[in-house]
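Below you'll find the structure I mean.
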Amino acid sequence: MTRVVKAAALALGTTGFFSRFQTPVAIGRSFSTPQFQHQASSPVWKLGRLNHVAIAVPDLEKASSFYRDVLGAQVSEAVPLPEHGVSVVFVNLGNTKMELLHPLGSDSPITGFLQKNKAGGMHHVCIEVDNIHAAVMELKKKKIRSLSDEAKIGAHGKPVIFLHPKDCGGVLVELEQA
């Protein structure tokens, strides 16, 4: 046994055979949460609730059928969004939604994602903000890049903008006007 595991076993009162099944506890080590580089949002705008999690799917009908027929969720009809290069289906989960994304045309931004992820997968998260224009201006000051110069109208008929995943911990983040 290592010294840390022995110390943990003694502290827990477990020795012998059963000590191997205990989770080792590091003695004298403290853990802290990571500090983020950027400050919290300004008082000019506020981050809101999670609007949806988007999942890119290679077969929109098959994915829709799974959530509707197997899991029993409310599933919308497919809606083409040519300005975004996708067709979307929303799966209502009560407290939030899932957005199923499928390429609309060969130059869709989802096409490249599905080439790398043949079975599909989580594409982005969408978070509401109370003032998208103020949020974009403040985030630019904090060196957070967006994938477009301006917000566009999204699937819910509201302005949206995507933030660069390299500036957001590897996650593509969509902001939507609440």
Side-chain angles (χ1 to χ4, degrees), residues 34 36-68 71-105 107-117 119-178:
F36 291 97
Q37 280 182 290
H38 308 287
Q39 296 175 359
S41 61
S42 77
V44 178
W45 66 276
K46 222 166 60 173
L47 198 61
R49 70 181 191 95
L50 174 68
N51 184 282
H52 65 265
V53 174
I55 300 171
V57 298
D59 184 332
L60 193 55
E61 183 49 44
K62 184 177 178 182
S64 297
S65 175
F66 171 74
Y67 288 101
R68 181 184 56 244
L71 297 182
Q74 286 182 323
V75 177
S76 75
E77 294 296 319
V79 176
L81 298 173
E83 61 279 7
H84 293 279
V86 295
S87 289
V88 298
V89 166
F90 283 99
V91 179
N92 187 347
L93 301 176
N95 61 343
T96 192
K97 296 177 283 297
M98 288 181 12
E99 179 184 52
L100 305 179
L101 298 170
H102 185 72
L104 185 62
D107 59 342
S108 170
I110 302 303
T111 301
F113 181 88
L114 287 173
Q115 287 172 345
K116 294 176 190 168
N117 305 279
M122 212 274 304
H123 186 262
H124 69 266
V125 296
C126 177
I127 304 169
E128 295 176 358
V129 294
D130 66 348
N131 185 334
I132 196 164
H133 299 294
V136 169
M137 287 175 42
E138 183 71 23
L139 290 168
K140 283 182 182 180
K141 289 179 190 173
K142 294 179 179 180
K143 307 289 187 223
I144 304 297
R145 295 171 287 175
S146 60
L147 299 184
S148 61
D149 292 332
E150 296 181 359
K152 298 178 182 179
I153 300 301
H156 298 114
K158 298 177 179 181
V160 300
I161 197 159
F162 287 87
L163 305 179
H164 201 295
K166 288 184 179 177
D167 298 340
C168 302
V171 176
L172 180 59
V173 175
E174 178 185 18
L175 298 179
E176 178 178 282
Q177 177 70 44

> Does I110 reach the side chain of H102, with side-chain heavy atoms less than 4.5 Å apart?
Replying inline: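 They are not in contact (no side-chain heavy atoms under 4.5 Å apart), so the answer is no.
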
> Where do H123 and A56 come nearest, in terms of heavy atoms and distance?
Replying inline: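 Shortest heavy-atom separation between H123 and A56 comes out as CB-N, 4.1 Å.
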
>> For M137, is the CE atom crowded, meaning more than 12 foreign heavy atoms sit under 6.0 Å from it?
In response: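 12 or below, so no.
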
> Rounded to the nearest 0.5 Å, what separation is found between the NE2 atom of H52 and the CD atom of E174?
Replying inline: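 Atom-to-atom, H52:NE2 and E174:CD are 4.5 Å apart.
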
> Would a 4.5 Å heavy-atom cut-off, applied to side chains only, mark V89 and V57 as touching?
Replying inline: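 V89 does not reach V57 side chain to side chain.
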
> When you check the gap from the basic side-chain N to the acidic O, do R145 and D167 get nearer than 4.0 Å?
Replying inline: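 D167 and R145: salt-bridged.
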
> Please, which pairs that meet ring-ring contact (aromatic ring centres under 6.0 Å, His included) have at least one residue in residues 158-178, sequence neighbours excluded?
Replying inline: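 Qualifying pairs, neighbours excluded: H124-F162.
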
> Can you find a pair of side-chain heavy atoms, one from L100 and one from L60, that are under 4.5 Å apart?
Replying inline: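 Yes, their side chains come closer than 4.5 Å.
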
>> Could you report the tightest heavy-atom contact between V88 and A155, atom names first, then the distance?
In response: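 Distance-wise, the nearest heavy atoms are CG2-CB, 4.2 Å.
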
> Which residues satisfy the side-chain contact (heavy atoms from CB on, under 4.5 Å) test with S146, sequence neighbours excluded?
Replying inline: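 In terms of side-chain contact (heavy atoms from CB on, under 4.5 Å), with neighbours along the sequence ignored, S146 is linked to K140, I161, L163.
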
> From W45 CH2 over to L139 CG, what is the distance, rounded to the nearest 0.5 angstrom?
Replying inline: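 Here the interatomic distance stands at 4.5 Å.
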
>> Can you pull out every salt bridge (charged side-chain N to carboxylate O under 4.0 Å, His left out) where at least one residue sits in residues 74-92? Sequence neighbours excluded, please.
In response: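 Pairs touching residues 74-92 that pass the test: none.
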
> So how far is it from K158 NZ to N51 CG, rounded to the nearest 0.5 Å?
Replying inline: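 Result: 7.5 Å between the selected atoms.
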
> With side chains defined as the heavy atoms from C-beta onward, is the minimum distance between L101 and F113 less than 4.5 Å?
Replying inline: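 Result no, sub-4.5 Å side-chain heavy-atom pair not found.
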
>> If the condition is salt bridge (charged side-chain N to carboxylate O under 4.0 Å, His left out), which residues does E128 pass it with, not counting sequence neighbours?
In response: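 Listed in chain order: R49.
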
> Taking all non-hydrogen atoms of both residues, which atom of G154 and which atom of H84 are closest, and how far apart?
Replying inline: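 Nearest pair, atom of G154 first, then H84: CA-NE2, 3.8 Å.
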
>> Can you list everything that forms a side-chain hydrogen bond (donor to acceptor under 3.5 Å, both in side chains) with N92? Sequence neighbours excluded, please.
In response: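 For N92, the residues satisfying side-chain hydrogen bond (donor to acceptor under 3.5 Å, both in side chains) (neighbours in sequence not counted) are Q74.
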
>> Can you give me the closest heavy-atom contact between P80 and S87, atom names plus distance?
In response: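 Looking at all heavy atoms of both residues, the shortest contact is CA-OG, 3.8 Å.
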
> So H156 and F90, would you call those rings parallel, tilted or perpendicular, with 30° and 60° as cut-offs?
Replying inline: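 H156 and F90: tilted rings.
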
> With side chains defined as the heavy atoms from C-beta onward, is the minimum distance between V86 and P103 less than 4.5 Å?
Replying inline: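 V86 does not reach P103 side chain to side chain.
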
>> As a quick check of understanding, evaluate side-chain contact (heavy atoms from CB on, under 4.5 Å) for V53 and T96, giving each step before the final call.
In response: CA-CA 8 Å; V53 174; T96 192; 5.9 Å; no

>> Rounded to the nearest 0.5 Å, what separates atom CG in N131 from atom CD in E138?
In response: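 Separation between the atoms: 11.0 Å.
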
>> Checking the side chain of Q177 only, and the main-chain atoms of I132 only, is there a donor and an acceptor separated by less than 3.5 Å?
In response: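 Indeed, once roles are kept as given, a pair shorter than 3.5 Å links the two residues.
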
> Considering residues at least two apart in sequence or located in another chain, which fulfil the side-chain hydrogen bond (donor to acceptor under 3.5 Å, both in side chains) criterion with T111?
Replying inline: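 Applying side-chain hydrogen bond (donor to acceptor under 3.5 Å, both in side chains) to T111 gives none.
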
> Can you find a pair of side-chain heavy atoms, one from F66 and one from V91, that are under 4.5 Å apart?
Replying inline: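 Not in contact.
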
> Got a second to check how far I55's CD1 is from M98's CE, nearest 0.5 Å?
Replying inline: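 Answer rounded to 0.5 Å: 3.5 Å.
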
>> Just verifying a value: how many Å separate H133 NE2 and L175 CG, rounded to the nearest 0.5 Å?
In response: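 Between H133 NE2 and L175 CG, I get 12.0 Å after rounding to 0.5 Å.
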
> Which heavy atom of L114 sits nearest a heavy atom of G120, and at what distance?
Replying inline: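 Closest approach of L114 to G120: CD2-CA, 3.6 Å.
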
